[in-house]
Amino acid sequence: DYPNNKPEGAEESFFWVNSVIDDKPTIALIHRVGMPHGNEGYVYMERHFYISRSHNCLQGIGAAMTHGEEETVVLYATRTSTDQVSGFGSARSETR
């Protein structure tokens, strides 16, 4: 169904980002979507769905909403997936 069923007012962009992670060049393809939420808020979503190295993907969502006359509440959550985790629990063993 995508992109025919986007919410009203949604604006999106796709772009590449070149950055340096662990002293190595890293390329990521990013998709961002932002949209107003009612008359007093805004919702933002971002996904890194191709990363040349370092981590597998990143997804984030945020919102800004007015609270009272002069205050704004900002919320943001992100999740990153990687195969490069080390430390306690990184190696799985099986016993029988």
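Computed from a prediction, not measured in an experiment: that's the story for all the values here.
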Checklist entry - Would Leu75 and Met65 count as a side chain to side chain contact (heavy atoms under 4.5 Å, CB included) if you check the C-alpha gap in whole Å, the side-chain angles of each, and the deciding distance to 0.1 Å? => result CA-CA 9 Å; Leu75 307 167; Met65 299 164 282; 3.6 Å; yes
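Residue Asp23 places its CG atom among 12 or fewer non-hydrogen atoms of other residues, nucleotides or ligands, all under 6.0 Å distant.
Listed for the Thr72 side chain is no donor-acceptor partner under 3.5 Å among the backbone atoms of Thr66. Within the 3.5 Å criterion, the main-chain N or O of Lys24 finds a donor-acceptor partner in the side chain of Thr26.
Taken together through direct or relayed side-chain contacts under 4.5 Å among Ile, Leu, Val, Met, Phe, Trp and Tyr, Val43 and Val33 form part of one hydrophobic cluster. Follow the hydrophobic side-chain contacts under 4.5 Å out from Ile61 and you reach Met35 in the same cluster. When hydrophobic clusters are built by joining Ile, Leu, Val, Met, Phe, Trp and Tyr residues whose side-chain heavy atoms come closer than 4.5 Å, directly or via intermediates, Phe49 is not grouped with Met45.
Gly9 and Pro36 get closest at one heavy-atom pair: O-CD, 3.5 Å. Of all heavy-atom pairs between Asn56 and Ile51, the closest is O-CD1, 3.3 Å. For Val73 against His67, the heavy-atom pair with the smallest separation is CG2-CB, 3.8 Å.
With values rounded to the nearest 0.5 angstrom, Arg47 atom CZ is found 10.5 Å from Leu29 atom CG. Note that CD of Glu46 is 10.5 Å distant from CD of Gln59, once rounded to the nearest 0.5 Å.
Ring geometry for His31 against Phe14 counts as parallel: the plane angle stays under 30°, on a 0 to 90° scale with 60° as the upper cut.
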